[in-house]
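Heads up: the structure comes next, in structure tokens.
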Amino acid sequence: MGNGFFEVPIAVNEPIKSYVPGSPERKEVLETYKEMYDSEVEVPLYINGKEVKTKETATMSPPHDHKHLLGTYHKATKKNVEEAISTSLDARKKWAAMPWEQRAAIFLRAAELIAGPYRAKINAATMLAQSKNIYQAEIDAACELIDFLRFNVQYMTEIFAEQPESTSAAWNRIEYRPLEGFVYAITPFNFTAIAGNLPASAALMGNVVVWKPSDSQVYSAKVILDVFREAGVPAGVINMVMGDPVMITDTILASPDFSGIHFTGSTHVFKDIWQKVGTNIHNYKTYPRIVGETGGKDFIVAHKTSDPKQVATAMARGAFEFQGQKCSAASRCYISESIWKDVKKYLVADIKSFKMGSPDDMGNFITAVIHEGSFDKLASYIDAAKKDKNAEIIAGGNYDKSKGYFIEPTVIVVKDPKYTTMCTELFGPVLTVYVYDDKKWEETLHLVDETSEYALTGAVFSEDRYALEEAVKILENAAGNFYINDKPTGAVVGQQPFGGARNSGTNDKAGSKQNLYRWISPRMVKETFVSPTDYRYPFMG
Ligand code: NAD
């Protein structure tokens with residue numbers, strides 16, 4: 001076999017296509033959307049390279065058109081999950097031993113398949129399954145997933161190149177081994193890219209994976225799996241199981257070979273899983289790696305010197321793109337009294353100009369929220385605000401689930417900075433604003449820091465460098481991704497590695513080397529060329 005210190009292609013961010021009227025990409029994605037809308041799919045489990053159908057199925061529908069059927073997916077039994085674990089462990093023997101450049105080639109090929117032949121399909125599937133408008137689908141399902149795959153390959157080679165010093169007498173080498181066992185990936189509904197990245201990043205480092213996508217994302221998860229298969233991920237390396245999340249998780253956590261969890265989703269689910277891992281700790285062969293990116297209550301704080309138009313634009317985009325269902329979405333704002341009148345004027349005008357409806361009408365900026373549970377929860381908070389004397393709804397406030405789960409982008413202005421919607425993650429298009437006294441800048445920064453249990457993203461706006469400096473210091477632990485004069489959403493792989501602390505997660509920064517370190521267990525090898533033959537040291541003479 002030929003050897004070499006192979007260099008992988010330098011990773012660059014995938015350019016975002018514009019989808020302007022008349023563009024070929026717009027035509028192609030709309031045609032694909034229609035084709036997919038008009039047909040039904042059946043999504044099987046995927047275990048050991050085989051499509052597995054079970055007796056129990058569930059239906060899939062677009063959130064913006066919930067009476068329409070997109071197809072069904074199969075739900076796993078306990079036996080299916082056990083089979084996924086055992087076949088992954090069988091597959092591990094060859095996969096973990098495979099030279100890294102072969103694994104790199106598979107995932108680089110997956111990136112190219114998404115960039116080319118699968119681009120329209122993965123975007124259309126994300127528009128249908130998660131109700132993203134084309135821009136939101138493009139930056140997620142196509143670009144971010146491509147970036148994760150390409151950058152992670154580059155990061156993997158950078159990690160492998162990290163080697164200790166050696167001397168002429170002894171050669172020190174670090175081997176970066178995959179974890180001994182299998183990794184469990186649990187993914188959320190809101191990003192197709194995260195759904196692809198959580199199993200792929202662990203697999204790239206030589207691990208085998210059991211992957212459980214969200215019930216609300218199975219339709220686009222199927223496209224990811226088709227890409228992985230076509231790219232050449234061997235049988236048993238990434239197994240996909242859907243169904244009862246508690247049964248699947250309990251079955252997996254009961255396995256002595258469970259070696260790590262790669263989770264993104266809500267905080268309480270992650271904490272429950274962590275607790276179960278603790279309960280099972282004596283059964284495991286290794287200490288499992290626990291990686292989880294969880295909830296947020298992301299803020300924008302605007303100083304009196306900031307530009308009201310810039311602040312309003314950051315609020316409109318940061319709070320309402322993808323209906324506020326980004327973990328990074330702004331949901332609590334602190335605006336200085338002297339600029340509030342202008343910020344309010346621009347923000348309300350922006351919201352009035354938003355069009356809401358199905359993503360296949362490309363004029364729509366806002367589409368539906370993910371499911372009825374989310375719709376009902378958001379509607380109940382809006383209703384409570386309507387009845388509360390201390391809260392005023394200045395935009396939106398209406399909702400309708402007759403055809404799709406549509407919630408109008410809503411802005412609530414509160415007198416109490418600890419009002420429930422200033423503290424609780426709602427995960428929808430509801431933004432709460434607290435207007436503070438200009439003189440209380442420092443006090444307000446402390447309020448921002450102390451109001452929420454989360455620390456995911458946050459943004460500060462000011463034209464005064466001293467004010468910015470104060471915010472940077474006081475809010476040091478309030479966000480894992482901190483933005484100055486920018487909205488708190490839109491992190492790009494390779495540019496702003498993403499993750500938060502406190503109750504927002506373990507901050508292992510998806511899309512960075514830090515994350516990949518969690519999926520390897522280094523072995524230090526010291527080789528001495530001529531071994532000593534006398535135990536005595538010179539000083540003893
Ligand atoms: P969710 O917690 O409802 O679901 C996430 C995954 O966990 C799904 O696959 C789901 O089926 C599974 N799950 C649900 N209950 C479970 C249980 N009891 N045991 C085991 N698994 C279970 O989250 P969601 O609604 O899909 O996503 C939204 C949440 O994800 C928000 O809280 C958001 O902030 C968070 N999120 C965070 C980041 C980040 O990077 N920090 C990114 C995206 C989403």
Side-chain angles (χ1 to χ4, degrees), residues 58 63 73 75-76 81 129-130 140 144 148 184-199 201 210-218 220-221 240-254 258 261-277 290-298 322-331 369-375 377-378 405 424-428 452-458 479-481 488-491 493 496-512 514-515:
Y73 67 87
K75 295 171 93 169
V81 180
Q130 293 121 288
D140 162 23
E144 192 174 12
F148 274 134
Y184 179 30
I186 311 186
T187 56
F189 80 82
N190 66 338
F191 276 87
T192 302
I194 297 178
N197 181 48
L198 299 201
S201 51
V210 179
W211 167 32
K212 195 208 84 59
S214 157
D215 292 349
S216 305
Q217 191 261 331
V218 174
S220 49
M240 183 171 85
V241 292
M242 292 81 73
D244 176 1
V246 176
M247 179 280 287
I248 294 173
T249 303
D250 288 352
T251 308
I252 284 174
L253 299 185
F258 165 69
I261 184 156
H262 206 184
F263 175 89
T264 298
S266 53
T267 298
H268 75 99
V269 171
F270 185 54
K271 286 192 173 180
D272 284 354
I273 293 172
W274 193 304
Q275 197 162 32
K276 286 179 184 175
V277 172
I290 306 177
V291 175
E293 298 308 329
T294 59
K297 189 69 193 170
D298 310 307
F322 187 38
Q323 297 74 257
Q325 297 172 117
K326 298 185 185 190
C327 43
S328 54
S331 61
V369 299
I370 192 70
H371 48 49
E372 191 167 19
S374 172
F375 177 95
K377 176 176 154 186
L378 291 159
Y405 303 115
T424 313
E425 182 185 49
L426 302 183
F427 222 57
S452 156
E453 63 178 299
Y454 301 108
L456 191 50
T457 74
N481 283 57
T489 58
V493 177
Q496 299 98 21
F498 192 79
R502 293 186 180 161
N503 277 339
S504 289
T506 54
N507 201 10
D508 289 294
K509 296 289 186 213
S512 79
Q514 259 156 291
N515 180 278

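As the structure lists them, so they are numbered: ligands from 1, and atoms in each ligand from 1. Please read all numbers here as calculations on a predicted model, not as lab measurements. The first residue in the sequence is number 1, and the count goes up from there.
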Do Lys377 side-chain atoms and Phe427 backbone N/O form a donor-acceptor pair below 3.5 Å?
-> no
Which heavy atom of Asn190 sits nearest a heavy atom of Cys327, and at what distance?
-> ND2-N, 3.7 Å
Might you point out which heavy atoms bring Trp274 and Thr506 nearest each other, and give the distance in Å?
-> CZ3-CG2, 3.8 Å
Pro188 neighbourhood, listing ligand 1 atoms whose heavy-atom distance to it stays under 4.0 Å = 26 (O), 27 (O)
At under 4.0 Å between heavy atoms, what of Glu425 touches ligand 1? The answer is side chain
To the nearest 0.1 Å, how far is atom 8 (C) of ligand 1 from its closest protein heavy atom, and which atom is that?
-> Thr187 O, 3.2 Å
Any side-chain heavy atom of Val241 sitting closer than 4.5 Å to one from Val210?
-> yes
Sorted by chain and number, sequence neighbours left out, salt bridge (charged side-chain N to carboxylate O under 4.0 Å, His left out) with Asp244 holds for none
Right, does atom 4 (O) of ligand 1 have protein non-hydrogen atoms nearer than 4.0 Å?
-> no
Quick check: does Ser266 get an N/O under 3.5 Å from an N/O on ligand 1?
-> yes
Find all atoms of ligand 1 within a distance of less than 4.0 Å from any non-hydrogen atom belonging to Glu293, and give their numbers and elements.
-> 37 (C), 39 (C), 40 (O), 41 (N)
What is the ring orientation for His371 with Phe189, classed by angle as parallel under 30°, tilted 30 to 60°, or perpendicular over 60°?
-> tilted
Quick one: does Phe189 get within less than 4.0 Å of ligand 1, heavy atoms only?
-> yes
Just wondering, do Asn515 and Ser201 contact through their side chains at under 4.5 Å, heavy atoms?
-> yes
Ligand-residue contact atoms, ligand 1 with Val246, heavy atoms, under 4.0 Å = 18 (N)
Has ligand 1 got any nitrogen or oxygen that is less than 3.5 angstrom from a nitrogen or oxygen of Asp215?
-> no
Just by modelled atom types, is the Ser328 backbone N or O under 3.5 Å from a matching donor or acceptor in the Thr457 side chain?
-> yes
Once the angle between the rings of Phe375 and Tyr405 is folded into 0 to 90°, is it parallel (under 30°), tilted (30 to 60°) or perpendicular (over 60°)?
-> tilted
What about Gly265: any of its N or O atoms under 3.5 Å from an N or O on ligand 1?
-> yes
So, do Phe191 and Lys326 sit near enough that their side-chain heavy atoms are less than 4.5 Å apart?
-> yes
Looking at ligand 1, does any of its N/O atoms fall within less than 3.5 Å of an N/O of Lys212?
-> yes
Report the member of Ile186, Thr249, Leu456 with the shortest heavy-atom distance to atom 7 (O) of ligand 1.
-> Ile186
Tell me, please, which residues at least two apart from Thr249 pass side chain to side chain contact (heavy atoms under 4.5 Å, CB included).
-> Tyr184, Ile186, Leu253, Ile273
Given that the side chain starts at C-beta and the backbone is N, CA, C, O, which of these parts of Phe427 lies under 4.0 Å from ligand 1, counting heavy atoms, or is it both or neither?
-> side chain
Identify, for atom 14 (C) of ligand 1, the protein heavy atom at the shortest distance, and state residue, atom and that distance.
-> Val269 CG2, 3.9 Å
Candidate with minimal heavy-atom separation from atom 13 (N) of ligand 1, of Gly480, Ala491, Pro245, Gly373 | Pro245
Side-chain contact, heavy-atom cut-off 4.5 Å: Thr294 with Tyr454?
-> no
For atom 41 (N) of ligand 1, what's the nearest protein heavy atom and its distance?
-> Thr294 O, 2.8 Å
Counting from 1 in the order shown, the ligand 1 atoms closer than 4.0 Å to a non-hydrogen atom of Phe498 are 39 (C), 40 (O)
With heavy atoms of Ile194 as the reference, note each atom of ligand 1 found under 4.0 Å away.
-> 42 (C), 43 (C)
Would you mind running through ligand 1 and noting each atom that sits below 4.0 Å from a heavy atom of Asn190?
-> 43 (C), 44 (C)
Could you find the nearest protein heavy atom to atom 42 (C) of ligand 1 and give me its residue, atom name and distance?
-> Cys327 SG, 2.9 Å
Does Thr264 come within less than 4.0 Å of ligand 1, judged by its heavy atoms?
-> yes
Are any non-hydrogen side-chain atoms of Asp508 and Glu293 less than 4.5 angstrom apart?
-> yes
Going by heavy atoms, is Phe263 under 4.0 Å from ligand 1?
-> yes
